[in-house]
Amino acid sequence: MEGSNSFDILGEEIGFGVNPKLDCPHVNDLDFEEIFKAITQERIGNTCDTCKSQKENWICFVCLFIFCSRYVSGHMQEHFLQSNHAIACSWSDLSLWCYKCDSYIDDRRFHRLTDALLELRPKIITNDPMKAAIDSFAIRQGQAAHGFTYDRFINELKQGKYQKICVFTGAGISVSAGIPDFRSPGTGLYDKLKSYELPYAEAVFSIDFYQENPEPFYQVAKEIMTVDAKPTLAHYFIRLLDMKGLLHLNFTQNVDVLEELAGVSKEKVVHAHGNVGGATCLSCKTKFDPELMKKHIKEMNILRCQCGGLVKPNVIFFGEKLPDDYFISMTKLTGADLIIVMGTSLKVEPFASMTKMVCNKLPVVCINLENPFKTNPKDYVFIQGQIDNKIKELVQNIGWEADMNTLLAAHNRPKL
């Protein structure tokens, strides 16, 4: 994953990585209109202008030339050193990198560009796993429910109108489970990494850095994987939808597998950024028992395969693509009739753009501390507040309190 994502103390960020830098000064040097014209006029390709590779390429947002990433031959970095063109966009996941800031970046002005690139991408990239998902959304035009309100949502859910609900979730639904955040002064995980003298805090989630020195990641993973986290009300709400036969799919950016611990059917959970429920040798791809991985992390004992390769949990690091299964699962959204978004800021690509695309075709209910949509979907209900509190209110308003209490009791959790 070339993009960035993190556990934020407020649950506004998602997954298992970092926040993008939001104040990159070099963004102001870009000609956004010229970039947009180049994209919409299809003047951008997907072949490295140096080595002609079509793997892991980046677009220079200054000159609009294409160069391969450091995981191929590193021609984009060479281009920066020669031209001083600092900002590039990944064709793999539409994330943005500034070479001068040495950081992933974001700015609201980029959103128009990445949306346009998302539409252009299947025309440019052969066998693009995004294509089928994007094509599947095209048939959803005009199927949203005009005049959508909170009361209407409650009533129609009671009446059984929604039978295939898709839920999109981020780290905000796991904050109350006790999973630590990264950036809180004194207690955040990044503070605990200071002794490792990392080149930058986010290096802990770089594949290259992990292969050189896995110990910092083990320290972070120890805090996350060995915590006695329990599913939250939000997880149990997803399980309740599943039990009632209303859950179509749950797309999550979280790696904590709390959905499965709550009992959500595994075949309905799509882990966009991988999860800690498995481990793999980076060299020979041998699979390892996640409990063995967890034991080694707890003991800070680096796990290696018989071949000598490092083993890591099956989470997506920088330098790794999102799994094709994620895009394949997106094609199944054609049958959905309602979207619920919880605990995500929708900043990390391509999850953000793909989610927003389908949200513009269907009624959407969002439960979050802050509204993640710059432009609200056509039929949209935003429920602002602490997620577990709002889930409790929602369950009571629907009339599912008894069912939720039964589910919670079965998991030895306190009633509402």
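Please read these numbers as outputs of a predicted model, since none were measured by experiment.
- Distance alone, capped at 3.5 Å, places no donor-acceptor pair between the Asp106 side chain and the Leu22 backbone.
- Side chain of Arg239 to backbone of Gly263: a donor-acceptor contact under 3.5 angstrom is found.
- Remark: the Thr114 side chain and the His111 side chain contain no N/O donor-acceptor pair separated by less than 3.5 Å.
- Of all heavy-atom pairs between Cys284 and Cys307, the closest is SG-SG, 3.7 Å.
- In this structure, CD1 on Ile39 lies 4.5 Å from CD1 on Ile44, to the nearest 0.5 angstrom.
- A donor and an acceptor atom, one from each side chain of Thr252 and Thr169, are located under 3.5 Å apart.
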- request: Show your reasoning for whether side-chain hydrogen bond (donor to acceptor under 3.5 Å, both in side chains) applies to His271 and Glu260.
  value: CA-CA 11 Å; His271 292 280; Glu260 286 88 342; 2.8 Å; yes
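- Of the N and O atoms on the side chains of Asn213 and Tyr218, not one donor lies less than 3.5 Å from an acceptor on the other residue.
- Listed by chain and number, the residues in a ring pair (Phe, Tyr, Trp, His ring centres under 6.0 Å) with Phe65 amount to none (sequence neighbours excluded).
- At most 12 heavy atoms of other shown residues, nucleotides or ligands fall within 6.0 angstrom of atom CZ in Arg108.
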Full working for side-chain hydrogen bond (donor to acceptor under 3.5 Å, both in side chains) between Gln253 and Thr344: CA-CA 8 Å; Gln253 292 167 291; Thr344 170; 3.2 Å; yes
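- For the pair Arg112 and Phe36, the cation sits on the ring face: its NZ or CZ lies under 6.0 Å from the ring centre, inside 45° of the axis.
- Between Ala88 and Tyr99, the closest heavy-atom pair is CB-CE1, 4.4 Å.
- Atom NZ of Lys37 has 12 or fewer neighbouring heavy atoms from other residues, nucleotides or ligands inside a 6.0 Å radius.
- Within the model, atoms CG of Asn389 and CG of Leu233 stand 8.5 Å from one another, a figure rounded to the nearest 0.5 Å.
- Using modelled atom types, one side-chain atom of Asp242 and one backbone atom of Ser265 make a donor-acceptor pair closer than 3.5 Å.
- A donor-acceptor distance shorter than 3.5 angstrom exists from the side chain of Thr232 to the backbone of Ile173, with no hydrogens or angles considered.
- Salt-bridge annotation for Lys390 and Glu393: present, with a side-chain N of the basic residue lying under 4.0 Å from a carboxylate O of the acidic one.
- Remark: Lys244 NZ is packed, more than 12 non-hydrogen atoms of other residues, nucleotides or ligands lying under 6.0 Å away.
- Between the side chains of Asn275 and Asp256, no donor N or O sits under 3.5 Å from an acceptor N or O.
- The aromatic ring centroids of Phe382 and Phe373 lie 6.0 Å or more from each other.
- Heavy atoms of other residues, nucleotides or ligands lying less than 6.0 angstrom from CD of Gln306 number 12 at most.
- Defined by atom type and a distance below 3.5 Å, a donor-acceptor pair is present between the side-chain atoms of Arg109 and Asn28.
- Side-chain atoms of Asn405 come within 3.5 Å of backbone atoms of Leu416 as a donor-acceptor pair (strictly under, hydrogens ignored).
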Check against side-chain hydrogen bond (donor to acceptor under 3.5 Å, both in side chains), Asn397 and Tyr150: CA-CA 10 Å; Asn397 289 334; Tyr150 181 82; 2.8 Å; yes
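- Expressed to the nearest 0.5 Å, how far NZ of Lys21 lies from NE2 of His26 amounts to 9.0 Å.
- Leu261 and Ala229 get closest at one heavy-atom pair: CD1-O, 4.4 Å.
- Panel note: side chain Gln41, backbone Arg43; no donor-acceptor pair is recorded below 3.5 Å.
- Separating the CZ atom in Phe217 from the CD1 atom in Ile297 is a distance of 5.5 Å, to the nearest 0.5 Å.
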- request: Any chance you could lay out the side-chain hydrogen bond (donor to acceptor under 3.5 Å, both in side chains) test for Asn371 and Tyr380, step after step, and finish with the verdict?
  value: CA-CA 11 Å; Asn371 189 350; Tyr380 183 59; 2.8 Å; yes
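- The nearest pair of heavy atoms linking Leu240 to Trp400 is CD2-CE3, 3.7 Å.
- Here the side chain of Arg413 pairs a donor or acceptor atom with the backbone of Pro231 at under 3.5 angstrom.
- In this structure, the side chain of Asn250 does not engage the main chain of Lys268 through any donor-acceptor pair within 3.5 Å.
- To the nearest 0.5 Å, atoms CD1 (Ile339) and CG (Asp379) are separated by 12.5 Å.
- With Asn57 contributing its side chain and Asn46 its backbone, the two residues share a donor-acceptor pair below 3.5 Å.
- For an aromatic pair to be called close, the ring centres must be under 6.0 Å apart, and His79 with Phe67 satisfies this.
- Annotation: side-chain hydrogen bond (donor to acceptor under 3.5 Å, both in side chains) contacts of Asp49 (sequence neighbours excluded): none.
- For Ile105 against Cys98, the heavy-atom pair with the smallest separation is CG2-CB, 3.8 Å.
- Partner Ile59 forms a side chain to side chain contact (heavy atoms under 4.5 Å, CB included) with one of Leu96, Ile66, Leu113, Ile87 and no other, that one being Ile66.
- In this structure a side-chain-to-backbone donor-acceptor pair under 3.5 Å is missing from Lys298 to Asn301.
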query: Can Phe32 and Phe110 be said to form a ring-ring contact (aromatic ring centres under 6.0 Å, His included), step by step?
result: CA-CA 8 Å; Phe32 283 89; Phe110 285 123; 5.3 Å; yes
